[in-house]
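To start, the structure itself, in structure tokens.
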Amino acid sequence: MKVLNYGSLNVDYVYSVDHIIVGGETQHSSKLEVFSGGKGLNQSIALAKAGVPVYHAGIVGSDGDILLDACKEAGVNTKYIRRLPVKGGHTMIQVDKNAQNCILLFGGANQSLTEEYIDEVLEHFEAGDILLLQNEVNKLDYIIDRAYDRKLVVALNPSPYNEKIEVCDLSKISIFLLNEIEGAQITGLTEPDDILASMRKRFPEAKIVLTLGKDGARYSDKDCEYEQPIFPVKAVDTTAAGDTFTGYFLAGLIRGMEIPDILRMSAKASSIAVTRNGAVQSIPKREEVEAALSAD
Ligand code: RIB
């Protein structure tokens with residue numbers, strides 16, 4: 001069984017600020033750092049660091065060397081990544097003194113996927129292989145349809161949520177990994193119990209993971225439900241915390257672990273990620289997560 005992540009790769013420009021800037025305001029930033037990121041890339045790196053071999057597919061622009069290097073360093077297979085002579089995906093991220101962030105995203109090369117490229121990559125994957133997706137590339141609905149036709153198991157992190165999710169046939173998704181905001185956007189409900197109940201009703205066969213920030217995470221499938229509290233830490237930057245959770249959760253499923261153990265491992269991995277700056281580089285390796293879990 002192979003794992004493919006068809007997703008974004010971004011260069012993150014991270015500005016340290018006193019507070020998140022408001023409309024009309026000019027503020028000095030005390031520090032600028034440049035990191036590898038993108039929801040897609042972060043999740044591939046989390047999968048690889050959690051011990052699962054993963055192929056990443058997506059498009060980088062002319063500034064993409066840093067992103068390909070990050071893949072290689074973490075052991076993510078880059079054979080399906082393409083490069084175009086266009087501006088690559090990038091973000092401007094403000095991180096304030098309370099570790100709160102806000103992200104301005106420019107899709108760039110991530111929005112250049114073609115049906116031909118998607119077909120060409122999916123041809124190398126077959127029934128039972130796993131496909132992970134987020135919503136930072138174009139043609140998401142097409143990828144879902146073609147992957148479903150090929151009987152791949154599709155996992156979706158519908159982030160960031162927008163109208164492009166609404167045109168996707170979500171009944172083709174086997175695993176949803178979403179936070180409470182995306183849960184509310186999909187269901188129109190705000191209480192975690194209600195979000196889960198609505199998702200369960202609409203997608204009875206799916207596995208659903210709902211992350212709730214400081215309130216931990218919930219899991220639900222047709223047979224069972226579990227809850228996982230957070231591991232409290234002093235956060236410095238929450239960027240990629242959700243991506244770390246997603247990658248570790250999927251890795252745990254693929255490795256055949258029990259759900260409560262997967263949730264614990266994923267929560268621990270994210271709790272480590274938030275104590276570090278940046279996206280890709282904040283994601284811990286499996287050995288570090290396991291050592292931290294046994295020290296608890
Ligand atoms: O989820 C975090 C990621 O979202 C960042 O790395 C940034 O690139 C944005 O895509």
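Order of listing sets the numbers, starting from 1, for every ligand and every atom in it. Computed from a prediction, not measured in an experiment: that's the story for all the values here.
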Between [X] and [Y] (side chain of the first, backbone of the second, donor and acceptor by atom type, cut-off under 3.5 Å), is there such a pair?
X      : Y      : value
Asn10  : Asp12  : no
Thr211 : Gly213 : no
Arg146 : Leu122 : no

- Message: Can you report which non-hydrogen protein atom sits closest to atom 8 (O) of ligand 1, along with the distance?
- Response: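 For atom 8 (O) of ligand 1, the nearest protein heavy atom comes out as Asp12 OD1, 2.6 Å.
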Q.
For atom 4 (O) of ligand 1, what is the closest protein heavy atom, and at what distance to 0.1 Å?
A.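 Here the closest protein heavy atom is Lys39 NZ, 3.3 Å.
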Number the atoms of ligand 1 from 1 as they appear, then name those within less than 4.0 Å of a heavy atom of [X], with their elements.
X      : result
Gly38  : 5 (C), 6 (O), 7 (C), 8 (O), 10 (O)
Gly37  : 6 (O), 8 (O)
Glu136 : 4 (O), 9 (C), 10 (O)
Ala279 : 6 (O)
Asp243 : 1 (O), 2 (C), 3 (C)

Indicate the ring-plane relationship of Tyr6 and Tyr117, choosing parallel, tilted or perpendicular according to the 30° and 60° boundaries.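 Taking Tyr117 first and then Tyr6, their aromatic rings stand perpendicular (interplane angle over 60°).
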Could you check whether the rings of Phe176 and Phe203 sit parallel, tilted or perpendicular, using 30° and 60° as the cut-offs?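 Tilted, since the angle between the ring planes falls between 30° and 60°.
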| query | Any idea which part of Asn42 is under 4.0 Å from ligand 1, heavy-atom wise: side chain, backbone, both or neither? | reply |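 It is the side chain that touches ligand 1; the backbone stays farther off.
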- Message: With a 6.0 Å cut-off (strictly less than), is the heavy-atom count around CD of Glu73, excluding the residue itself, greater than 12?
- Response: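 Open.
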### Query
If you measure every N/O of Ile103 against every N/O of ligand 1, is any gap under 3.5 Å?
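Such a contact does not occur with ligand 1.
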- Query: Strictly under 4.0 Å, does any heavy atom of Gly242 approach an atom of ligand 1?
  - Reply: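 Gly242 does not count as a contact of ligand 1 under the 4.0 Å cut-off.
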Exercise for review: May I have all residue pairs that pass side-chain hydrogen bond (donor to acceptor under 3.5 Å, both in side chains) and include part of residues 287-296, sequence neighbours excluded?
Suggested key: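 Non-adjacent pairs meeting side-chain hydrogen bond (donor to acceptor under 3.5 Å, both in side chains): Lys268-Asp296, Arg276-Glu288, Arg286-Glu290.
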